**Q** 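First the structure, then my questions, so here it is.
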Protein chains: 2
Amino acid sequence: MEDLPTRDRLVFAALKLFGEKGYLSTSIQDILREAGANAGSLYHAFPTKQDVLIAVLDLYRQGIEPMLLAPAWDGVDDPIEKVFALLARYRGMLEATDCLYGCPIGSIALELHEPDPPVRELLSLNFTQWVGHIERCLDEAGDRLPADLDRRMVAILVLNVMEGGVMQSRTHRTLEAFDASVAGLRDYLNRLEQAASGGQPK
Amino acid sequence: MEDLPTRDRLVFAALKLFGEKGYLSTSIQDILREAGANAGSLYHAFPTKQDVLIAVLDLYRQGIEPMLLAPAWDGVDDPIEKVFALLARYRGMLEATDCLYGCPIGSIALELHEPDPPVRELLSLNFTQWVGHIERCLDEAGDRLPADLDRRMVAILVLNVMEGGVMQSRTHRTLEAFDASVAGLRDYLNRLEQAASGGQPK
DNA sequence: AAGGCAGTTGAACGCTCATTCAAGTCGTGC
DNA sequence: GCACGACTTGAATGAGCGTTCAACTGCCTT
């Protein structure tokens, strides 16, 4: 970390702090302290604080596959289990931080009420790619799910369950709401599988 | 509005602005301008900005029943349709504001990363009461739903669908994600009803 | 050896923020 | 008619914010 170029240290520091305290509550001074840099260096690398955010959102987007999905899906082959393995990963982060650290993208999305277009588009892209990966899992599940099922719709619901679960759990400082939401999704997918396999429950 | 006591004008102004721009991005000056009051009056009524937030969250909580549920459920008797009527109400707000105005509670919950206890408890209480009303609808549905169904779990999932749908829709500036999430929930509840009524689909 | 330039330093700037306060207004009880 | 407390006024305060900049460092080129 210490031997990285200043620009990268700044982005990683901002990534960490934006996730922990949000964008608005993180000051330039906070980022400089965390990265061990000076104001001039930051403003040599980025025109404004918003450009730091843009770099962070882009780094986050690039990290979805190698940093999030790859470790979550290590040793998991079943495509439907992959969905729940990913949710379990978020649960683990909540658990490890007393329900404080959830999904930075979601926090920033609600924190900035009218974000400038480049920021909004990157937030949007982060969601779209996340949903895209889930949709691919559902496609892989093939005829285990009903043929007429709108898999994109379900993928959006999965992101929904994650973000909403994080929000409620962070608010209540309990994992109950996250677990309940995932349990609801599990029940739904189980019923979809039953329906696809002929319809006889049990 | 203009003839209300100053304290109330301030709370209503803050309610509006916190919903529109969030808590952190709303300045005391903004609230004073909106309410037509002076700094001294605000600090005569409230010790700090955070106490204004507390008053707003409490007003919001009191408003759940008369301001949100009552109009949403006007003319709706079917308990399961009540759930979707409430979601439709949120959809209407999103639609009327180009996906900008969602649920203030959710926004504030994610905006404040470590809120002081009284604030966190009021956010928590808002969610708990909302979920409680949904759970009561599901209870009213009686044996239309499976007897062994965890209705509280489903109620939490309903709030989840709303909040997650608002978040995604606000980010994409499209109602697609909200609609997809509600469609997923509808499909799930349909399948639960089928299962409770003997299990034969179609 | 000299010139140039990417990158660094940290003090300083202007602005906005939440909050304070001394001075004022008004209505009520005596 | 006067004293008192509740409420209002709006300028002032000080802290913190994002941002700027002139001076400096060290490396690469010629």
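Computed from a predicted structure; not experimentally measured. Chain identifiers are assigned alphabetically (A, B, ...) following the order of the sequence lines, protein sequences preceding nucleic acid strands; residue numbering begins at 1 within each chain.
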**Q** Test side chain to side chain contact (heavy atoms under 4.5 Å, CB included) on L149(B) and L138(B) and set out the steps.
**A** CA-CA 10 Å; L149(B) 179 74; L138(B) 299 175; 5.9 Å; no

**Q** Which distance, rounded to the nearest 0.5 Å, do you find between the CZ of R186(A) and the CD1 of I80(A)?
**A**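 Answer for the CZ-CD1 pair, R186(A) versus I80(A), is 8.5 Å.
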
**Q** Of the nucleotides dG10(D), dT9(C), dG18(D), which one has an atom closest to the side chain of N38(A)?
**A**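 Within the option list, the nearest is dT9(C).
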
**Q** Give one of base, sugar-phosphate or nothing for S25(B), where a contact means two heavy atoms less than 4.0 Å apart.
**A**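 No contact at all - S25(B) keeps every heavy atom at 4.0 Å or more from the nucleic acid.
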
**Q** From dT8(D), dT19(C), dG7(C), pick the nucleotide closest to the side chain of T6(A)?
**A**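 Of all the options, the side chain of T6(A) is nearest to dG7(C).
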
**Q** Starting at atom CG of L10(B), determine the distance to atom C1' of dT9(D), rounded to an integer number of angstrom.
**A**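 Atom-to-atom, L10(B) to dT9(D), this comes out as 14 Å.
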
**Q** Return yes when atom CG of D98(B) has more than 12 non-hydrogen atoms of other residues, nucleotides or ligands closer than 6.0 Å, and no otherwise.
**A**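 Incorrect, the count does not exceed 12.
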
**Q** Assess the residue pair I28(A) and V52(A) against the criterion (side chain to side chain contact (heavy atoms under 4.5 Å, CB included)); give the C-alpha distance rounded to whole Å, side-chain angles, the decisive distance to 0.1 Å, and a yes or no.
**A** CA-CA 10 Å; I28(A) 298 280; V52(A) 180; 5.6 Å; no

**Q** Provide, to the nearest angstrom, the distance between the CG atom belonging to L32(B) and the C1' atom belonging to dT20(C).
**A**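 Result: 14 Å.
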
**Q** Determine the sole option in L125(B), I156(B), L69(B), V158(B) for which the side-chain contact (heavy atoms from CB on, under 4.5 Å) test with W130(B) is passed.
**A**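 Running side-chain contact (heavy atoms from CB on, under 4.5 Å) over L125(B), I156(B), L69(B), V158(B) with W130(B) returns exactly one hit, V158(B).
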
**Q** Within this structure, what is the CG-to-P distance between L17(A) and dG18(D), rounded to whole angstrom?
**A**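 Spelled out: CG on L17(A) to P on dG18(D) is 12 Å.
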
**Q** Below the 4.0 Å mark, does dT20(D) have OP1 or OP2 next to a side-chain nitrogen or oxygen of Y43(A)?
**A**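 Looking at the OP1 and OP2 atoms of dT20(D), neither is under 4.0 Å from any side-chain N or O of Y43(A).
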
**Q** Between H44(A) and dT8(C), does any side-chain N or O lie under 4.0 Å from OP1 or OP2?
**A**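 No, because none of the side-chain N or O atoms of H44(A) sits under 4.0 Å from OP1 or OP2 of dT8(C).
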
**Q** To the nearest Å, how far apart are D30(A) CG and dA15(D) C1'?
**A**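 Nearest whole value for this atom pair: 15 Å.
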
**Q** May I have the distance from R9(B) (atom CZ) to dT8(D) (atom C1'), rounded to whole angstrom?
**A**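 In whole Å, dT8(D) C1' lies 11 Å from R9(B) CZ.
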
**Q** Which residues pass the side chain to side chain donor-acceptor pair (under 3.5 Å) test with N38(A), sequence neighbours left out?
**A**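 Partners of N38(A) under the side chain to side chain donor-acceptor pair (under 3.5 Å) test: none.
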
**Q** Rounded at 0.5 Å granularity, tell me how far NE2 in H113(A) sits from CD in E20(B).
**A**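 Answer for the NE2-CD pair, H113(A) versus E20(B), is 10.0 Å.
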
**Q** Whole angstrom is fine here: how far is it from CZ in R7(A) over to C1' in dA6(C)?
**A**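 It works out to 14 Å between those atoms.
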
**Q** For the side chain of K49(A), starting at C-beta, report the closest nucleotide among dT19(C), dT9(D), dT19(D).
**A**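 Of dT19(C), dT9(D), dT19(D), dT19(D) is nearest to the side chain of K49(A).
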
**Q** What's the CG-P distance between L4(B) and dT8(D), to the nearest Å?
**A**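 Roughly 13 Å, once rounded to whole Å.
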
**Q** Give me the distances for all protein-to-nucleotides 11-16 of chain C N/O pairs that come in under 3.5 Å?
**A**
none

**Q** Rounded to the nearest angstrom, tell me the gap between atom CG in L42(A) and atom C1' in dA6(C).
**A**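 Atom CG in L42(A) sits about 16 Å away from atom C1' in dA6(C).
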
